[in-house]
> 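Structure below; questions to follow.
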Amino acid sequence: MEYNKEIKNRLRRIEGQVKGVLGMMEQGKDCKSVVAQLSAVRNAIDRAIAVIVSANLENCLRESMEKGEKTEHLVKEAVELLVKSR
(Lines give C-alpha, C1' and ligand atoms only; values in the text may rest on other atoms or scores of the structure.)
Protein backbone atom coordinates (compact mmCIF):
# COMPACT_ATOMS: atom_id res chain seq x y z
CA MET A 1 0.00 0.00 0.00
CA GLU A 2 1.21 3.47 -0.78
CA TYR A 3 0.68 5.87 2.12
CA ASN A 4 -0.62 9.20 0.96
CA LYS A 5 0.45 12.68 2.00
CA GLU A 6 -2.54 13.10 4.36
CA ILE A 7 -1.58 10.07 6.43
CA LYS A 8 2.08 11.09 6.63
CA ASN A 9 1.12 14.63 7.68
CA ARG A 10 -1.19 13.24 10.34
CA LEU A 11 1.72 11.21 11.78
CA ARG A 12 4.02 14.24 11.69
CA ARG A 13 1.47 16.18 13.75
CA ILE A 14 1.36 13.31 16.24
CA GLU A 15 5.16 13.39 16.40
CA GLY A 16 4.93 17.10 17.22
CA GLN A 17 2.39 16.37 19.94
CA VAL A 18 4.72 13.80 21.53
CA LYS A 19 7.62 16.26 21.43
CA GLY A 20 5.32 18.78 23.09
CA VAL A 21 4.56 16.32 25.88
CA LEU A 22 8.29 15.73 26.40
CA GLY A 23 8.75 19.50 26.59
CA MET A 24 5.99 19.73 29.18
CA MET A 25 7.74 17.07 31.25
CA GLU A 26 11.05 18.90 31.02
CA GLN A 27 9.30 22.09 32.16
CA GLY A 28 7.85 20.22 35.13
CA LYS A 29 4.20 20.64 34.14
CA ASP A 30 1.68 18.97 36.41
CA CYS A 31 0.57 15.37 35.96
CA LYS A 32 -2.97 16.31 34.92
CA SER A 33 -1.74 18.43 32.00
CA VAL A 34 0.73 15.80 30.81
CA VAL A 35 -1.87 13.04 30.98
CA ALA A 36 -4.38 15.21 29.10
CA GLN A 37 -1.86 15.73 26.29
CA LEU A 38 -0.96 12.04 26.21
CA SER A 39 -4.65 11.24 25.91
CA ALA A 40 -4.87 13.63 22.95
CA VAL A 41 -1.90 11.83 21.36
CA ARG A 42 -3.58 8.46 21.89
CA ASN A 43 -6.78 9.73 20.26
CA ALA A 44 -4.81 11.09 17.31
CA ILE A 45 -3.06 7.72 16.91
CA ASP A 46 -6.41 5.92 17.02
CA ARG A 47 -7.72 8.19 14.25
CA ALA A 48 -4.55 7.62 12.20
CA ILE A 49 -4.98 3.86 12.53
CA ALA A 50 -8.59 4.14 11.38
CA VAL A 51 -7.59 6.24 8.36
CA ILE A 52 -4.83 3.80 7.38
CA VAL A 53 -7.05 0.72 7.78
CA SER A 54 -9.94 2.28 5.86
CA ALA A 55 -7.69 3.43 3.00
CA ASN A 56 -6.15 -0.03 2.80
CA LEU A 57 -9.57 -1.68 2.87
CA GLU A 58 -10.78 0.57 0.08
CA ASN A 59 -7.78 -0.31 -2.10
CA CYS A 60 -8.08 -4.04 -1.40
CA LEU A 61 -11.82 -4.05 -2.09
CA ARG A 62 -11.34 -2.22 -5.36
CA GLU A 63 -8.63 -4.65 -6.51
CA SER A 64 -10.62 -7.74 -5.48
CA MET A 65 -13.79 -6.50 -7.16
CA GLU A 66 -11.89 -5.79 -10.38
CA LYS A 67 -10.60 -9.37 -10.32
CA GLY A 68 -14.06 -10.75 -9.53
CA GLU A 69 -12.89 -12.11 -6.16
CA LYS A 70 -14.92 -12.31 -2.96
CA THR A 71 -14.41 -9.48 -0.49
CA GLU A 72 -15.88 -10.71 2.81
CA HIS A 73 -12.49 -11.78 4.17
CA LEU A 74 -11.10 -8.28 3.54
CA VAL A 75 -13.73 -6.63 5.71
CA LYS A 76 -13.20 -9.21 8.44
CA GLU A 77 -9.45 -8.62 8.34
CA ALA A 78 -9.90 -4.83 8.57
CA VAL A 79 -12.20 -5.18 11.58
CA GLU A 80 -9.69 -7.50 13.27
CA LEU A 81 -6.94 -4.92 12.71
CA LEU A 82 -9.04 -2.22 14.32
CA VAL A 83 -9.93 -4.44 17.27
CA LYS A 84 -6.27 -5.42 17.81
CA SER A 85 -5.25 -1.77 17.79
CA ARG A 86 -7.40 -1.00 20.83
> If you measure from CG on N43 to CG on L38, what distance do you get to the nearest 0.5 Å?
11.0 Å
> Tell me, with the steps shown, if E72 and K76 meet salt bridge (charged side-chain N to carboxylate O under 4.0 Å, His left out).
CA-CA 6 Å; E72 294 86 8; K76 183 181 178 191; over 6 Å; no
> Might you point out which heavy atoms bring L74 and S64 nearest each other, and give the distance in Å?
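Shortest heavy-atom contact: CD1-OG, 3.3 Å.
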> What are the two closest heavy atoms between L11 and A48, and how far apart are they?
CD2-CB, 4.1 Å
> For residues N9 and R12, determine if any side-chain heavy atom of one lies less than 4.5 Å from a side-chain heavy atom of the other.
yes
> State the OH-CG distance between Y3 and N56, to the nearest 0.5 angstrom.
7.0 Å
> Below 4.0 angstrom, N of the basic side chain to O of the carboxylate: do E58 and R62 qualify?
yes
> Distance check, rounded to the nearest 0.5 Å: M25 atom CE versus S33 atom OG?
11.5 Å
> Not counting sequence neighbours, list each pair that qualifies as a salt bridge (charged side-chain N to carboxylate O under 4.0 Å, His left out) and has a residue in residues 21-48.
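Counting only pairs at least two positions apart or across chains, the salt bridge (charged side-chain N to carboxylate O under 4.0 Å, His left out) contacts touching residues 21-48 are D46-R86.
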> Minimum heavy-atom separation for I7 and V51, please, with both atom names.
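The pair with the smallest heavy-atom distance is CG1-CG1, 3.7 Å.
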> As an exercise, state the distance from CD1 of I49 to OG of S54, rounded to the nearest 0.5 Å.
12.0 Å
> So, taking the atom named CD in E77 and the one named CG in L82, what distance separates them when rounded to the nearest 0.5 Å?
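Those atoms lie 11.0 Å apart.
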> If you round to the nearest 0.5 Å, how far is OG1 of T71 from CD of E63?
13.0 Å
